[in-house]
Amino acid sequence: MRQDFIRQIVRDDLAAGKHVAVHTRFPPEPNGYLHIGHAKAICLNFGIAAEFGGWCNLRLDDTNPGKEDPEFVEGIKDDVRWLGFEWHALRHASDYFEVFYRSALKLIEDGLAYVDDLDAEQMREYRGTLTQAGRNSPYRERSVAENLDLFRRMRAGEFADGSRTLRAKIDMGAGNINLRDPAIYRIRKVAHQNTGGAWPIYPMYDYAHCLSDALEGITHSLCTLEFEDHRPLYDWFVDRVDLPNHPELWRPLQDAGLPTQPAKPRQIEFSRLNLSYCITSKRKLAQLVGEGHVDGWDDPRMNTLRGLRRRGFTPAGLRLLIERVGVSKQNSVIDYALLEGCIREDLDATAARRMAVLDPLKLVLTNLPDGHLEMLPFANHPKDESFGMREVPFARELWIEREDFAELPPKGFHRLKPDGEVRLRGVGIVKCEQVVKDAAGQVTALHCTLDPQTRHGMPGADRKVKGTIHWVSAEHAVAAEVRLYDRLFGVPAPDSEEDGRSWLDHVNPQAKQVVRAWLEPAAAAVAPEQRFQFERLGYFVADRVDHRAAAPVFNRTVTLRDTWARQAGQ
RNA sequence: UGGGAGAUCGUCUAAUGGUAGGACAACAGACUCUGACUCUGUUUAUCUAGGUUCGAAUCCUAGUCUCCCAGCCA
């Protein structure tokens with residue numbers, strides 16, 4: 001079992017008898033689609049719950065209507081399931097609005113909260129700065145009765161948006177700014193995606209999140225580093241409201257049939273997942289979509305979970321990445337190559353092999369008769385027989401990859417050259433007898449002869465040549481659109497803003513290239529989202545939106561590791 | 001002297017006073033009908049300076065650097 005500091009804490013808590021079971025939650029705000037960064041939180045919360053025999057809820061943190069949308073709720077549910085997880089219960093922070101309201105009344109009665117008439121700008125002035133203490137609001141000492149009356153009228157919708165807030169009465173001189181009388185309710189007469197027009201006031205994150213955790217009986221509330229400063233406030237609300245000892249506060253939940261067993265949750269922070277060459281900011285992701293730099297939230301160049309899915313990345317590969325990345329409190333940036341490696345590792349084991357030619361050059365086998373046709377057997381996977389076999393049509397005229405031929409071969413080139421020999425995958429050894437060119441000197445075809453002694457089953461079949469290249473039969477190949485994707489950003493840290501360039505300046509215009517390619521027939525008649533290794537080229541997926549058997553569309557997920565390209569590039 | 005957190009190979013991450021280990025990357029080689037996969041090997045690290053100790057990545061002191069916080073966002 002993995003040994004990160006969070007699992008250590010969970011193990012210790014369990015051993016100490018603090019909890020009978022581990023309860024976690026994944027709590028996204030439904031204001032956008034999930035991205036690769038969320039995969040870490042999902043795998044952590046669901047993974048820990050599963051490993052320790054507990055459960056994990058999916059909770060939509062929908063306390064800020066206007067920014068949130070049911071479209072995103074559905075997208076989030078879909079993405080979590082795609083990643084391979086199922087929640088114990090689906091909850092919304094908005095399910096608890098009545099409980100939050102009653103709890104706020106309790107805080108007021110206990111002298112721990114007050115209604116403030118300061119507007120946003122005044123409140124900022126009173127708050128002080130990072131190095132200077134704040135001052136008490138002139139409304140801070142209102143009586144309990146007045147606060148109760150005002151807050152009830154806020155709830156009744158009597159006041160204008162922004163005219164008043166409910167604030168926790170803590171300490172305007174605290175070094176931790178979160179403790180300088182944080183707002184816990186604001187007036188916002190906006191329809192809510194879940195509760196419609198029922199509420200003119202909405203609770204703030206710091207107040208709603210910890211109480212939601214408590215209501216759901218969450219034992220370990222995992223969140224990212226920037227919330228470390230919020231933990232004292234988290235504990236303050238949990239302790240002062242004290243839900244376990246005040247069942248009258250959450251009776252509405254029971255009346256509504258929502259199983260409720262409040263507990264005292266513990267917040268633990270870990271460092272978020274950052275990936276080189278990537279951006280994980282909902283705002284920036286939305287900007288890429290909004291300004292048309294990409295074709296949508298599910299564009300294969302996007303590092304949203306939907307984008308990665310369409311690109312062909314696998315849930316198992318993503319889970320492997322999260323496992324390898326580990327969990328700690330250090331700020332870190334994961335090398336994008338690690339992600340690619342994880343995806344390759346998964347795909348190598350799970351993707352059937354096919355042949356496809358992306359940049360075709362005609363190769364004619366002159367010692368084969370016109371109309372020659374054979375169906376050659378190929379293994380679908382080099383190491384796993386359970387993938388079975390397929391037949392590939394072989395004829396006199398073939399397409400090979402243009403870059404598999406060089407008239408002036410560089411040092412170390414193993415492929416075809418004038419008078420050179422190369423193995424045609426699954427066929428035998430061919431020799432380049434003649435290079436055909438057009439008037440402009442462009443190579444248009446290669447005339448080769450096939451050595452019959454090197455055919456499968458012949459005594460010369462195991463004769464060694466340096467290179468093996470792939471091919472498709474020109475007559476039988478199926479034309480396909482193939483989208484070649486590369487990293488969306490050209491630099492490792494597009495966010496850095498060093499050298500005065502903004503992140504948008506680093507968008508790589510070459511990140512999507514569309515080519516017309518030729519597929520062996522068995523690669524065309526497949527279902528959307530089927531993944532293959534096109535031998536020697538990379539891993540490809542049939543596009544889940546645009547692919548048709550009669551008009552195939554494939555996305556390149558990732559290339560194969562290519563030591564030759566690296567060597568030749570030097 | 002605002003508050004909080006963190007510093008270990010190139011990148012992540014272990015070691016909880018007792019051999020600084022693993023993964024990925026890189027490099028070299030083997031294998032190969034995919035220049036893939038696989039296998040073998042190699043290189044590379046405890047922020048600095050003091051101290052405690054038989055022994056320090058770990059404890060103490062001082063310093064340095066990095067990140068987070070001044071929404072009626074989450």
Separation of [X] atom [atom1] from [N] atom [atom2], in whole Å?
X: Arg324(A); N: rC24(B); atom1: CZ; atom2: C1'; value: 7 Å
X: Arg344(A); N: rU38(B); atom1: CZ; atom2: C1'; value: 16 Å
X: Leu34(A); N: rA74(B); atom1: CG; atom2: P; value: 17 Å
X: Leu179(A); N: rG2(B); atom1: CG; atom2: C1'; value: 13 Å
X: Asp462(A); N: rU32(B); atom1: CG; atom2: P; value: 11 Å
X: Asp161(A); N: rG71(B); atom1: CG; atom2: C1'; value: 15 Å
X: Phe270(A); N: rC67(B); atom1: CZ; atom2: C1'; value: 16 Å

Which is true for [X] with a 4.0 Å heavy-atom rule: it touches a base, it touches only sugar-phosphate, or it touches nothing?
X: Glu269(A); value: nothing
X: Arg124(A); value: sugar-phosphate
X: Pro27(A); value: nothing
X: Ser332(A); value: sugar-phosphate
X: Arg425(A); value: base
X: His456(A); value: nothing
X: Thr129(A); value: base
X: Met123(A); value: base
X: Leu338(A); value: sugar-phosphate
X: Arg423(A); value: base
X: Phe413(A); value: base
X: Leu60(A); value: nothing
X: Asp119(A); value: base
X: Arg353(A); value: base

For the [atom1] atoms, the ones on [N] and on [M], what distance do you get once it is rounded to whole angstrom?
N: rU13(B); M: rG63(B); atom1: P; value: 28 Å
N: rU64(B); M: rA49(B); atom1: P; value: 15 Å
N: rU19(B); M: rG29(B); atom1: C1'; value: 29 Å
N: rC37(B); M: rA28(B); atom1: P; value: 15 Å
N: rU38(B); M: rU66(B); atom1: C1'; value: 41 Å
N: rC12(B); M: rU16(B); atom1: P; value: 22 Å
N: rA25(B); M: rC39(B); atom1: P; value: 12 Å
N: rU40(B); M: rG4(B); atom1: P; value: 49 Å

Completion exercise
Quick tally for nucleotides 40-46 of chain B: nucleotides whose base has a protein heavy atom under 4.0 Å get B, sugar-phosphate-only ones S, the rest -, giving -------
Handout entry: Exercise: do Asp62(A) and Ser94(A) side chains pair donor with acceptor under 3.5 Å
Key =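 Yes, side-chain donor-acceptor contact under 3.5 Å.
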From [options], pick the nucleotide closest to the side chain of [X]?
X: Asp4(A); options: rC67(B), rA14(B), rC69(B); answer: rA14(B)
X: Arg566(A); options: rC69(B), rC73(B), rA26(B); answer: rA26(B)
X: Lys383(A); options: rU38(B), rA36(B), rA70(B); answer: rU38(B)
X: Gln330(A); options: rU34(B), rA7(B), rA14(B); answer: rA7(B)
X: Leu130(A); options: rA70(B), rU34(B), rC72(B); answer: rA70(B)
X: Lys464(A); options: rC12(B), rU32(B), rC72(B); answer: rU32(B)

With both distances under 3.5 Å as the test, what is the Watson-Crick or G-U wobble partner of [N]?
N: rA49(B); answer: rU61(B)
N: rA14(B); answer: none
N: rU38(B); answer: rA30(B)
N: rC72(B); answer: none
N: rU66(B); answer: rA5(B)
N: rG55(B); answer: none

Between [Y] and [X], is there a side-chain heavy-atom distance shorter than 4.5 Å?
X: Trp503(A); Y: Gln287(A); result: yes
X: Thr559(A); Y: Arg344(A); result: yes
X: Leu60(A); Y: Arg91(A); result: no
X: Leu233(A); Y: Tyr207(A); result: no

Handout entry: Among Arg353(A), Lys383(A), Arg561(A), salt bridge (charged side-chain N to carboxylate O under 4.0 Å, His left out) partner for Asp348(A)
Key =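 In the set Arg353(A), Lys383(A), Arg561(A), the residue that makes a salt bridge (charged side-chain N to carboxylate O under 4.0 Å, His left out) with Asp348(A) is Arg353(A).
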Practice task
Kindly confirm whether the side-chain ring of Tyr205(A) is stacked on the base of rA74(B), judged by centres under 5.5 Å and planes under 30°.
Solution key: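 No, the aromatic ring of Tyr205(A) does not stack with the base.
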Practice task
Kindly confirm whether the side-chain ring of His414(A) is stacked on the base of rG35(B), judged by centres under 5.5 Å and planes under 30°.
Solution key: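 Check passed, His414(A) stacks on base of rG35(B).
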Problem - Derivation and outcome, ring-ring contact (aromatic ring centres under 6.0 Å, His included), residues Tyr539(A) and Phe532(A) - result: CA-CA 6 Å; Tyr539(A) 295 98; Phe532(A) 296 97; over 10 Å; no
Problem - First of Arg164(A) and Phe5(A) reached from the 5' end of RNA chain B, by closest nucleotide - result: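 Looking at the nearest nucleotide for each, Phe5(A) comes out on the 5' side.
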Practice task
Using heavy atoms to find the nearest nucleotide of RNA chain B for Gly175(A) and Gly341(A) separately, return the residue whose nucleotide is more 5′.
Solution key: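 Checking each residue's closest nucleotide, the 5'-ward one belongs to Gly175(A).
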Exercise for the section: Taking the six-membered ring of Trp199(A) (Phe, Tyr or Trp), confirm whether the NZ or CZ of Arg155(A) is under 6.0 Å from its centre and within 45° of its axis. Expected result: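 Flagged: Arg155(A) positioned over aromatic ring of Trp199(A).
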Exercise for the section: Please say whether the positively charged group of Arg142(A), taken as NZ for Lys or CZ for Arg, lies over the ring of Tyr114(A), i.e. under 6.0 angstrom from the six-membered ring centre and within 45 degrees of the axis. Expected result: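 The answer is no, since Arg142(A) fails at least one limit relative to Tyr114(A).
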Handout entry: Syn or anti conformation of rG71(B), syn meaning chi within 90° of 0
Key =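 Here rG71(B) takes the syn form, which means its glycosidic angle is within 90° of 0.
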Handout entry: Residue that, paired with Ile334(A), satisfies side chain to side chain contact (heavy atoms under 4.5 Å, CB included) out of Leu339(A), Ile322(A), Leu275(A)
Key =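 Single side chain to side chain contact (heavy atoms under 4.5 Å, CB included) partner of Ile334(A) among Leu339(A), Ile322(A), Leu275(A): Leu275(A).
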Practice task
For the residue pair Tyr202(A) and His192(A), categorise the inter-ring angle as parallel (less than 30°), tilted (30 to 60°) or perpendicular (more than 60°).
Solution key: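 Answer is parallel, since the angle falls under 30°.
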Practice task
Count the heavy atoms of every other residue, nucleotide or ligand shown that sit under 6.0 Å from NZ of Lys417(A), and state whether that count exceeds 12.
Solution key: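 Not more than 12 within 6.0 Å, no.
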